[in-house]
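Scope of the values below: all heavy atoms of this structure, side chains included, with no hydrogens, waters or symmetry mates. The sequence lines fix the lettering, A, B, ..., with proteins before strands; numbering per chain opens at 1.
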There are 2 protein chains.
Amino acid sequence: MAHDTTKRREALRESLIGLAEAQVRADGLASLRARTLAKEAGCAVGAIYNVFDDMTGLTLAVNGRTFGRLGKHVSDAVAKVADAPPTERLVAMAIAYLEFASANPNLWRALFDVEMSTDRDVPEWYMQELGRLFAIIAQPLSELHPDPEPGEIDLMTRALFSSVHGIVLLGLENRISAVPRERMEGMIEFLLKRATAT
Amino acid sequence: MAHDTTKRREALRESLIGLAEAQVRADGLASLRARTLAKEAGCAVGAIYNVFDDMTGLTLAVNGRTFGRLGKHVSDAVAKVADAPPTERLVAMAIAYLEFASANPNLWRALFDVEMSTDRDVPEWYMQELGRLFAIIAQPLSELHPDPEPGEIDLMTRALFSSVHGIVLLGLENRISAVPRERMEGMIEFLLKRATAT
DNA sequence: TAGTTCATTGAACACTGTTCAGGTAGGGAT
DNA sequence: ATCCCTACCTGAACAGTGTTCAATGAACTA
């Protein structure tokens, strides 16, 4: 029956995503193997391709989950200080971003390491999720600048997100120069307070 | 003769680096193939391994050249405005960094995409070159803060470099959201002026 | 029960980076 | 001139990878 097949496939799909996620979390995106995954899931290698276009498709599915959790983590953090001044809310968000990346380094890196260079389009949920994240950041900025020039808020949003991302990225890259956690928080606070000072 | 062999190897080494660099520049690090490279160099695949430990070693050699050119580009840029105020010099450096990354996206990305996770140590020249870059950045910052607390200059240096790096990284990542060049310069100027305002 | 449809399988394919037994070339001794 | 010996270079072979598709088998229909 068609419906039964659909359900079984959906179950396999979820199973594969979960197993792949565990693998990426433990040993990084580069350690993901089609054969190993199939063995763990108790299916044939070919079955993966009945459910995903290719391994990149599977990786995108894992990233979808990660992105969701990241968004929730940041949202929750800012919700806890909803009544604080805008700058403090920005700092809370950035620290939450650092926390998530630090707690899930391999999953977080996979968000950016997946290769989408070839024909494949960026998934729609990717842009949506990113838009949601940017909207959260833009809110405090709008409060700080009630009468912005056109595009100013968007520019600041991107600039601040990119900056915090850069600090987290190079900070966690221990091969270049391991930076202690509290110093990273210090950098982020310093930067955001300066950048948003009136 | 031993000397002759050494010279031939050195020539092959240089040739391989040059060819690999051209390949990375044109199509990115991921497009580098041992067999293709050997064919282009007119040698056997095994010959590559007489000269480099492995393909990562070759990539590191390419990155060494790139890093050198990047450093020179940034140094030259700041030298041209040596008499300008510290903040302007910082902006000039950051814009130069953006220029280089924008003009050599694939070579620039290769600097960070090479996988060094496994045993291999970070080459000594890597840390040296990075230290040199940081020193150039630290100079204007020291002028802005004549009496810094211990480690303050270092913290700011890392924070500002990481921030600019993040802006350039995500800005050039057109798959996420292509940002026009002049807006990226705007972001960098905005950020550095705010961060270094007295 | 026989026939038809269609999802699943896993061996085979094309492609990696890397190795190492063997052929080759060149200098020195007899 | 001949032989040897050393050291270098070669490229077929190896151990992997992601991906495909003819063949299997199960399930549903008449």
Side-chain angles (χ1 to χ4, degrees), chain A residues 1-17 19-21 23-24 26-63 106 110 113-120, chain B residues 1-17 19-21 23-24 26-63 106 110 113-120:
Chain A
M1 203 171 194
H3 186 244
D4 195 42
T5 291
T6 303
K7 275 212 306 190
R8 190 175 42 221
R9 281 201 174 185
E10 195 51 40
L12 177 61
R13 188 187 161 83
E14 290 304 311
S15 171
L16 286 173
I17 297 176
L19 290 166
E21 181 181 310
Q23 180 65 42
V24 173
D27 291 326
L29 180 59
S31 77
L32 197 59
R33 296 289 119 89
R35 284 170 181 76
T36 306
L37 191 66
K39 197 160 289 181
E40 288 173 350
C43 70
V45 276
I48 297 174
Y49 294 84
N50 293 335
V51 171
F52 296 101
D53 284 356
D54 49 28
M55 290 298 281
T56 301
L58 172 55
T59 303
L60 287 176
V62 171
N63 282 353
N106 287 331
D113 284 354
V114 58
E115 48 175 321
M116 304 207 249
S117 57
T118 50
D119 52 6
R120 182 191 296 273
Chain B
M1 204 165 197
H3 186 246
D4 196 39
T5 291
T6 302
K7 273 212 308 190
R8 191 176 40 224
R9 282 203 174 186
E10 194 51 40
L12 177 62
R13 188 186 161 83
E14 289 306 310
S15 170
L16 286 173
I17 296 177
L19 289 166
E21 180 183 311
Q23 180 65 41
V24 173
D27 291 327
L29 181 58
S31 78
L32 197 59
R33 297 288 119 89
R35 284 169 181 76
T36 305
L37 192 67
K39 197 161 290 182
E40 288 174 351
C43 69
V45 276
I48 297 174
Y49 294 85
N50 292 336
V51 172
F52 296 101
D53 284 354
D54 49 28
M55 290 298 281
T56 301
L58 172 56
T59 302
L60 288 176
V62 172
N63 281 353
N106 287 330
D113 284 354
V114 58
E115 47 174 321
M116 304 208 247
S117 57
T118 49
D119 51 6
R120 182 191 296 272

In short, salt bridge (Lys or Arg N to Asp or Glu O under 4.0 Å) pairs touching residues 43-52 of chain B with sequence neighbours left out are none

Separation of C:dT9 atom P from A:Lys39 atom NZ, nearest Å, is 14 Å

The contact string for nucleotides 15-24 of chain D, one letter per nucleotide 5' to 3', using protein heavy atoms under 4.0 Å with B, S and - for base, sugar-phosphate only and none, comes out as --BBBB----

Residue set satisfying salt bridge (charged side-chain N to carboxylate O under 4.0 Å, His left out) with B:Asp53, at least two apart, ordered chain then number -> none

Sorted by chain and residue number, the salt bridge (charged side-chain N to carboxylate O under 4.0 Å, His left out) partners of B:Glu40 (sequence neighbours excluded) come out as none

Contacts of B:Asp27 meeting salt bridge (charged side-chain N to carboxylate O under 4.0 Å, His left out) (sequence neighbours excluded), chain-then-number -> none

A:Arg9 meets the side-chain contact (heavy atoms from CB on, under 4.5 Å) criterion, sequence neighbours left out, with A:Thr5, A:Asn50

Here the distance between atom C1' of C:dT19 and atom CZ of B:Phe52, to the nearest Å, is 18 Å

For A:Thr56, the side-chain hydrogen bond (donor to acceptor under 3.5 Å, both in side chains) test, sequence neighbours excluded, returns none

Separation of D:dC8 atom P from B:Ile48 atom CD1, nearest Å, is 18 Å

Hey, does B:Leu58 have a side-chain heavy atom less than 4.5 Å from the side chain of B:Leu37? yes

B:Ala110 meets the side-chain contact (heavy atoms from CB on, under 4.5 Å) criterion, sequence neighbours left out, with B:Val24, B:Leu29, B:Asn63

When rounded to whole Å, the CG to P distance for the pair B:Leu58 and C:dG17 reads 11 Å

For DNA chain C, consecutive-pair runs of 3 or more (Watson-Crick or G-U wobble, both H-bond-type distances under 3.5 Å) give C:1-22 with D:9-30, C:24-30 with D:1-7

